[in-house]
Amino acid sequence: ITCQKCETFCWPGGSVNQPGIAAVKKYYLACRASGNLLNYGGVQDFYNIQSMPIYHNTSLSTVNNWVDVIIQVKGWLVERIHGINTGKDSVGYEPVAVHLLKDHWDYIAQHRDALWVATFTQAMKYIRERDSSELKILDYRDGQLRMSLSNKLQDSAYCLPLTLKIKLRGKLNNFREIRQNGISLPYEIVSKDTLNYLVFDAVPGKGDITFYIPVEFVKSYPDPYSSKTIISYGLTSRQKIKLSMVNTDGVIVKKSQRNSHTGVNNVAFDLHKLPAGIYKYSLVTGNGYTYWNSLKLGNDNTFVAQKR
């Protein structure tokens, strides 16, 4: 096939040929065997990756059970099929009925939240990258937290993005953007067991990963407030900011725009002419990031950071 490269190998007869393994390793990244076994947990030998056969008399419950087991043990299921029976034509050795394959793949689709479905080569590369890569904190300066993601694999062969899951804590609670090599990365924040995690994809060896943290904290006091409140915020660089306070109808009742310095800044709002109630205030940084919170009687006034 023009412009394509064969990167993996299938052992003839399904058994590893020890005398020939040195030659195979010279030209291929991994090999598939046919030991009729599931790959539990991590792969121990990439030149002897096990697979499961689907024959003409294999039941749907059997192949679906493989999926259940592999989800439970967090392993890798490699299935092999030698032929297909369409009902009209049978092609190949031990042809498998099309309806069984369709029902099986529908079952896999129902569990996509717990599975990643990929080609043999893609899955092999991802596992190798994941198991050999290291994420390290490099430094934190001027509101930028830099990390490196690297491994010792050959970059020309291994360049799949890895999915990273980082617990949000400390300064990272106030991050506003992630970039790798200057390119902005999409991300999502997921919650599990009362903890928040940042989930995003990055490619090992393709440049440092930088988290932009323009504001280290924002809070207000006293709590509960009465006729006056002070909004305190910490900036990682000099910038012009906008502070606004709105009522429950969304009407701006107080606002302030000012040049702020690096470090702690305080802005006082006189509230004695405002009726009692609940108000929201927002801080917009010079590069358009928004931090907001509500002034609520009896609330702890902890800021919930959110980009708008």
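Heavy atoms only: backbone and side chains are in, while hydrogens, waters and symmetry mates are out.
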Assess, by modelled atom type and distance only, whether the side chains of [X] and [Y] contain a donor and an acceptor separated by less than 3.5 Å.
X      : Y      : value
Ser232 : Asn266 : yes
Thr229 : Tyr281 : no
Asn151 : Arg130 : no
Ser51  : Arg80  : yes
Tyr187 : Glu177 : no

### Query
side chain to side chain contact (heavy atoms under 4.5 Å, CB included) between Val284 and Ile241: does it pass, once the steps are laid out?
CA-CA 6 Å; Val284 182; Ile241 64 95; over 6 Å; no
### Query
Any idea which heavy atoms bring Leu77 and Trp66 closest together, and the distance?
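So the two residues come closest at CD2-CB, 4.0 Å.
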### Task
Using the six-membered ring wherever Trp is involved, compare the ring planes of Phe9 and Trp11 and label them parallel, tilted or perpendicular (cut-offs 30° and 60°).
perpendicular
### Task
May I ask you to decide if the ring planes of Phe211 and Phe175 are parallel, tilted or perpendicular, using 30° and 60° as cut-offs?
perpendicular
Using atom types as modelled, flag every donor-acceptor pair under 3.5 Å from a side chain in residues 112-129 to any protein atom, sequence neighbours excluded.
from	atom 1	to	atom 2	distance (Å)
Thr119	OG1	Gln122	N	3.2
Thr119	OG1	Gln122	OE1	3.3
Thr121	OG1	Thr8	OG1	3.4
Gln122	OE1	Thr119	N	3.3
Lys125	NZ	Glu7	OE1	2.9
Lys125	NZ	Glu7	OE2	3.1
Lys125	NZ	Ala157	O	2.9
Tyr126	OH	Thr163	N	3.1
Arg128	NH1	Leu29	O	3.2
Arg128	NH1	Tyr158	OH	2.7
Glu129	OE2	Cys159	N	3.1
Glu129	OE2	Leu160	N	2.9

### Message
Do Lys25 and Tyr47 form a cation-pi contact, if we require the NZ or CZ to be under 6.0 Å from the six-membered ring centre and within 45 degrees of the ring's axis?
### Response
yes
### Task
Test side chain to side chain donor-acceptor pair (under 3.5 Å) on Glu94 and His56 and set out the steps.
CA-CA 5 Å; Glu94 286 282 346; His56 76 281; 2.4 Å; yes
Between [X] and [Y] (side chain of the first, backbone of the second, donor and acceptor by atom type, cut-off under 3.5 Å), is there such a pair?
X      : Y      : value
Gln180 : Ile209 : no
Asn265 : His261 : yes
Gln239 : Gly286 : yes
Gln50  : Gly35  : yes

### Query
If you group Ile, Leu, Val, Met, Phe, Trp and Tyr by side-chain heavy-atom gaps below 4.5 Å, do Val78 and Val69 land in one group?
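No, it is not one cluster - the side chains of Val78 and Val69 are not joined through contacts under 4.5 Å.
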### Task
Consider only side-chain heavy atoms of I, L, V, M, F, W and Y, link residues closer than 4.5 Å, and tell whether Leu185 and Leu149 are in one cluster.
yes
### Task
Sort and list the pairs that fulfil salt bridge (charged side-chain N to carboxylate O under 4.0 Å, His left out) and have at least one residue in residues 232-259, not counting sequence neighbours.
none
### Message
To the nearest 0.5 Å, what is the distance between CG on Leu243 and CE on Met245?
### Response
8.5 Å
### Message
A side-chain contact here means heavy atoms from C-beta on lying under 4.5 Å apart; do Thr262 and Thr236 qualify?
### Response
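The answer is no; the side chains never approach within 4.5 Å.
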### Message
Would Thr285 and Tyr291 count as a side chain to side chain donor-acceptor pair (under 3.5 Å) here? Give the steps.
### Response
CA-CA 8 Å; Thr285 64; Tyr291 295 75; over 6 Å; no
#### Entry: Leu195, CG: over 12 other non-hydrogen atoms inside 6.0 angstrom
yes
### Query
Within a radius of less than 6.0 Å around CD1 of Ile21, do more than 12 heavy atoms belonging to other residues, nucleotides or ligands occur?
yes
